[in-house]
Trainee: 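There's a structure below that I have some questions on.
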Amino acid sequence: SARNGRAGNGAAARGTPKLTTNAIIRTASLTVEVEDVPKALDAARTAAEDAGGYVGDETTSRDTDGHEQTRVVLRVPTEKYDEVLAGLQGTGRVVDRTAKAADVTDQVVDVDSRVKSQRASVARIRALMEKATKLSDVVALEGELSGRQADLEALLARQASLKDRTSLATITVSLSETPV
């Protein structure tokens, strides 16, 4: 395995790779009753931005009694997830809270390995194309290259998605006005 080939790592080479800490997808959902939805929403936005994150989707509505409700999706760096979540829970009365952590280390390692193999595969076809002299060979190789490049692009998209979801945690916050 590639891990065994790293000399001088000592304990790190024998244990789990450093990757493990970064290959966890963290998501949370929080429903909070607050007295002032716009104020609580501002606080949530600020918390996400101060943590180095950003605000994703945001939806605001009013119920039949005129109580405002807002749903906002925050993306925050994984290392700030617990801190931001704790801060959000302090904005009002927590009605509902779910938090999930999914370890995708195996998927990350697998996709990284497949990307490497697919890149090598594309390079081999390109090398064969440069040497091809018969038109029928060129046409066949172009078809093969096209398929392999499509596979590579799909793998790269999956790799980017995993990187995004493991580096930024997703916190969905539903804020509603406390019924008077």
Side-chain angles (χ1 to χ4, degrees), residues 1-31 44-58 71-89 94 96-132 137-138 140-174:
S1 122
R3 244 187 314 181
N4 298 340
R6 284 191 219 133
N9 265 2
R14 285 191 301 275
T16 46
K18 184 178 182 286
L19 183 65
T20 308
T21 56
N22 299 335
I24 306 242
I25 295 174
R26 295 189 184 284
T27 54
S29 177
L30 205 56
T31 303
R45 276 196 200 108
T46 303
E49 288 163 5
D50 287 353
Y54 64 92
V55 177
D57 297 337
E58 189 180 308
R71 183 181 167 278
V72 64
V73 177
L74 308 175
R75 300 295 313 276
V76 298
T78 307
E79 60 275 10
K80 300 278 191 176
Y81 167 81
D82 291 324
E83 183 185 317
V84 172
L85 196 54
L88 292 168
Q89 289 176 163
V94 178
D96 187 46
R97 176 188 186 270
T98 58
K100 293 180 189 143
D103 188 337
V104 291
T105 306
D106 291 348
Q107 288 180 48
V108 170
V109 170
D110 177 57
V111 170
D112 288 353
S113 168
R114 289 169 62 196
V115 163
K116 198 173 176 182
S117 296
Q118 199 63 26
R119 278 194 170 126
S121 174
V122 166
R124 281 194 302 274
I125 295 294
R126 284 200 175 122
L128 287 171
M129 281 180 74
E130 286 174 19
K131 294 175 186 161
D137 290 346
V138 171
L141 287 167
E142 278 178 345
E144 187 61 32
L145 179 63
S146 176
R148 290 185 189 196
Q149 282 179 319
D151 290 347
L152 176 59
E153 284 168 23
L155 284 169
L156 289 170
R158 184 150 179 242
Q159 187 181 46
S161 170
L162 281 167
K163 185 179 190 309
D164 174 66
R165 292 185 301 148
T166 55
S167 62
L168 291 172
T170 304
I171 303 174
T172 304
V173 186
S174 298

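Predicted model, so just to flag it, every value in this text is computed and none were measured. Starting from 1, each residue takes its place in the sequence as its number.
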Trainee: In this structure, which one of Leu30, Asp57, Leu88 forms a side-chain contact (heavy atoms from CB on, under 4.5 Å) with Leu74?
Mentor: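 Of all the options given, the one that passes is Leu88.
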Trainee: Compare all side-chain heavy atoms of Val111 with those of Leu162 and state whether any distance is below 4.5 angstrom.
Mentor: yes
Trainee: Quick one: pull up CD in Glu144 and CZ in Arg124 and give me the separation to the nearest 0.5 Å.
Mentor: 10.5 Å
Trainee: Can you tell me how far the OH atom of Tyr81 sits from the CD1 atom of Ile24, to the nearest 0.5 Å?
Mentor: 11.0 Å
Trainee: To check you understand the geometry: which heavy-atom pair defines the closest contact between Leu141 and Ala132, and what is its length?
Mentor: CD1-CB, 4.0 Å
Trainee: Which atoms form the tightest heavy-atom contact between Val115 and Leu152, and what is the distance?
Mentor: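 Shortest heavy-atom contact: O-CD1, 3.9 Å.
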Trainee: Any donor and acceptor pair, going by atom type alone, linking the side chain of Thr78 with main-chain N or O of Ser167 inside 3.5 Å?
Mentor: yes
Trainee: Which atom names give the shortest non-hydrogen contact between Val84 and Ala47, and what distance separates them?
Mentor: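 Residues Val84 and Ala47, closest heavy atoms: CG2-O, 4.0 Å.
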Trainee: What distance do Lys80 atom NZ and Leu85 atom CG have between them, rounded to the nearest 0.5 Å?
Mentor: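 These two atoms lie 14.5 Å from each other.
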Trainee: Quick check: do Leu156 and Arg119 have side-chain heavy atoms less than 4.5 Å from each other?
Mentor: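 A side-chain contact under 4.5 Å exists here.
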Trainee: With sequence neighbours left out, what residues match Asp110 under side-chain hydrogen bond (donor to acceptor under 3.5 Å, both in side chains)?
Mentor: Arg114
Trainee: Can you check side-chain contact (heavy atoms from CB on, under 4.5 Å) on Val173 and Arg71, steps first, answer last?
Mentor: CA-CA 6 Å; Val173 186; Arg71 183 181 167 278; over 6 Å; no
Trainee: Distance from Ile25 atom CD1 to Leu168 atom CG, nearest 0.5 Å?
Mentor: 11.5 Å
Trainee: For Arg148 and Gln118, test the side chains for any donor-to-acceptor distance below 3.5 angstrom and give the result as yes or no.
Mentor: no
Trainee: By side-chain hydrogen bond (donor to acceptor under 3.5 Å, both in side chains), which residues pair with Gln149, not counting sequence neighbours?
Mentor: none
Trainee: What pairs meet the salt bridge (Lys or Arg N to Asp or Glu O under 4.0 Å) rule with one or both residues in residues 150-169, with sequence neighbours excluded?
Mentor: Arg75-Asp164
Trainee: So if I apply the side-chain contact (heavy atoms from CB on, under 4.5 Å) rule between Ser174 and each of Val72, Thr31, Asp96, which one comes out positive?
Mentor: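 So, applying the side-chain contact (heavy atoms from CB on, under 4.5 Å) to Ser174 and each of Val72, Thr31, Asp96, only Thr31 qualifies.
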Trainee: Take Met129 and Glu142 through the test side-chain contact (heavy atoms from CB on, under 4.5 Å) and record every step on the way to the result.
Mentor: CA-CA 8 Å; Met129 281 180 74; Glu142 278 178 345; 3.3 Å; yes
Trainee: Looking at every heavy atom in both Ala23 and Thr105, which two are closest together, and how far apart are they?
Mentor: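 Where Ala23 meets Thr105 most closely, the heavy atoms are CB-OG1, 3.3 Å.
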Trainee: Just wondering, do Thr170 and Arg26 contact through their side chains at under 4.5 Å, heavy atoms?
Mentor: no
Trainee: State the CZ-CG distance between Arg45 and Asp50, to the nearest 0.5 angstrom.
Mentor: 13.5 Å
